[in-house]
Amino acid sequence: ALTTSEFMVAGMMPALSAAFTVSVAEIGYLISLYAVGMAIGGPLVTALLLHLKAPNKPALLVLLGLYVIGGVLAALAPGYGVMAIARIVTGAASSACFGVALAITADLVTPQERGRAASIVLGGLMLAPVFGLPVTTAIEQGFGWRSSFWSVAALAMLVTSLVAVFVPVSKCHIEIGLDAELDALKKGRLWAAYATSGLIIGATFAAFSYAVPLFVEMAKLPPATMPTLLAAYGGANVIGNLVVGRFADRYTIPILLGGLTALALALMTFAVFATNSHLSVLAYLIIGIAGVPMNPATNLFTG
């Protein structure tokens with residue numbers, strides 16, 4: 001639900017542009033505002049929770065409640081300004097949710113099971129591009145963009161209810177202090193990984209965010225094919241993650257060099273041959289394989 005909300009604007013940019021009478025580029029800023037909420041608002045909310053020493057379960061419920069409020073605000077948005085505020089709110093809430101959810105996960109299982117448990121929780125990240133984004137795009141095409149935002153808000157409400165009923169109350173608090181977090185930022189290799197990861201994600205999202213209007217307006221593909229293309233992009237993400245996860249430990253540098261070279265060539269192809277439906281779709285899928293999935297390899301430099 002959290003990651004679908006992050007991506008879903010990319011699948012309905014023409015509809016939102018028409019609804020708010022702004023340019024497609026301005027709709028693209030809504031994706032950036034969500035990222036700003038995650039990058040700035042998320043740490044601020046987390047710092048507040050650290051200061052209050054909030055137990056993990058109540059903290060997660062508060063964050064999910066904030067996310068639901070942001071989702072409802074987006075669904076009801078009468079104009080661009082309100083939608084922009086809703087995107088910042090949901091971005092901040094989702095960023096903090098990830099950390100608290102992983103803390104709860106670690107507390108629920110033995111130390112030997114924490115890696116597997118965390119991978120299950122973060123598996124939701126893979127469901128968003130494969131399932132969530134195509135479904136919300138299809139809902140927008142059939143019932144309007146507000147229905148898409150309502151669907152994600154309703155899913156978040158369901159998740160909140162499930163957490164309230166089934167997740168046990170933990171005696172633990174959010175344990176990592178701000179001093180420890182700031183000390184970690186002194187590592188040069190960490191900043192190198194941040195820079196590489198940021199450039200990879202920035203380049204990938206620059207193309208991904210505007211893919212739907214490019215396919216429809218430049219390549220002249222039917223709007224009805226967009227959910228299928230978005231699902232294929234999500235599948236490419238999964239394949240890329242599997243390959244990188246399998247070989248990155250042993251072949252870190254070759255994986256990064258090969259992946260970033262493929263990403264650069266795919267991005268150039270996507271730009272130069274935007275009017276060619278076959279080449280642009282092929283480049284789009286390669287971006288899915290060689291874009292964000294490169295991040296596990298960059299993480300190997302943070303130790």
Side-chain angles (χ1 to χ4, degrees), residues 3 6-17 23-32 34-35 125-126 128-134 137-138 141 193 195-248 251-298:
T3 314
E6 178 183 1
F7 292 154
M8 63 191 294
V9 167
M12 56 184 74
M13 295 183 79
L16 290 174
S17 175
S23 68
V24 169
E26 289 175 281
I27 296 300
Y29 296 150
L30 294 176
I31 300 174
S32 301
Y34 193 100
L125 295 172
M126 292 297 100
V130 175
F131 180 74
L133 180 56
T137 302
Q141 292 180 356
T196 304
S197 180
L199 290 171
I200 292 171
I201 293 174
T204 302
F205 272 33
F208 170 77
S209 298
Y210 296 93
V212 169
L214 282 172
F215 282 137
V216 173
E217 297 175 17
M218 300 292 290
K220 305 301 180 183
L221 292 173
T225 63
M226 293 304 104
T228 302
L229 273 176
L230 292 169
Y233 177 89
N237 273 184
V238 172
I239 293 171
N241 273 296
L242 290 174
V243 172
V244 174
R246 177 69 176 80
F247 296 106
Y251 307 105
T252 305
I253 298 301
I255 284 285
L256 280 173
L257 289 177
L260 294 179
T261 299
L263 178 61
L265 292 174
L267 287 168
M268 287 188 285
T269 301
F270 197 48
V272 175
F273 299 100
T275 57
N276 186 308
S277 60
H278 295 92
L279 287 177
S280 60
V281 168
L282 177 61
Y284 180 65
L285 295 178
I286 294 174
I287 292 169
I289 292 174
V292 175
M294 289 298 108
N295 282 297
T298 67

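It should be emphasised that the depicted structure is a prediction, and the values quoted were computed from it without experimental measurement. Keep in mind that the numbers below use all heavy atoms, side chains included, and drop hydrogens, waters and symmetry copies.
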Looking at side-chain heavy atoms only, is the closest gap between [X] and [Y] below 4.5 Å?
{"X": "Ile287", "Y": "Phe208", "value": "no"}
{"X": "Val216", "Y": "Leu221", "value": "no"}
{"X": "Pro14", "Y": "Val212", "value": "yes"}
{"X": "Pro134", "Y": "Thr228", "value": "no"}
{"X": "Met13", "Y": "Val24", "value": "yes"}

Are Phe215 and Phe270 close enough that their ring centres sit under 6.0 Å apart?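 Yes.
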Looking at [X] and [Y], what are the two nearest heavy atoms and their distance?
{"X": "Ser17", "Y": "Ser23", "result": "OG-C, 3.7 Å"}
{"X": "Leu133", "Y": "Met8", "result": "CD1-CA, 3.5 Å"}
{"X": "Tyr210", "Y": "Ala206", "result": "CD1-O, 3.4 Å"}
{"X": "Ala231", "Y": "Val130", "result": "CB-O, 3.8 Å"}
{"X": "Ala224", "Y": "Gln141", "result": "CA-OE1, 3.8 Å"}
{"X": "Pro222", "Y": "Thr225", "result": "O-OG1, 2.6 Å"}

Would you mind telling me which of Phe7, Tyr284, Phe131 makes a side chain to side chain contact (heavy atoms under 4.5 Å, CB included) with Leu230?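 It is Tyr284, the one option of Phe7, Tyr284, Phe131 that forms the side chain to side chain contact (heavy atoms under 4.5 Å, CB included) with Leu230.
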Pairwise distance [atom1]([X]) to [atom2]([Y]) - rounded to 0.5 angstrom:
{"X": "Phe273", "Y": "Met218", "atom1": "CZ", "atom2": "CE", "value": "12.5 Å"}
{"X": "Thr204", "Y": "Leu263", "atom1": "OG1", "atom2": "CG", "value": "4.5 Å"}
{"X": "Met294", "Y": "Leu257", "atom1": "CE", "atom2": "CG", "value": "11.0 Å"}
{"X": "Leu282", "Y": "Thr269", "atom1": "CG", "atom2": "OG1", "value": "8.0 Å"}

Determine yes or no for a side-chain-to-main-chain donor-acceptor pair under 3.5 angstrom, with Ser280 supplying the side chain and Ser277 the backbone.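 Looks like yes, one N/O pair under 3.5 Å.
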Would you say the side-chain atoms of Ser209 pair up with the backbone N or O of Phe205, donor to acceptor, closer than 3.5 Å?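 Here the side-chain-to-backbone pair exists.
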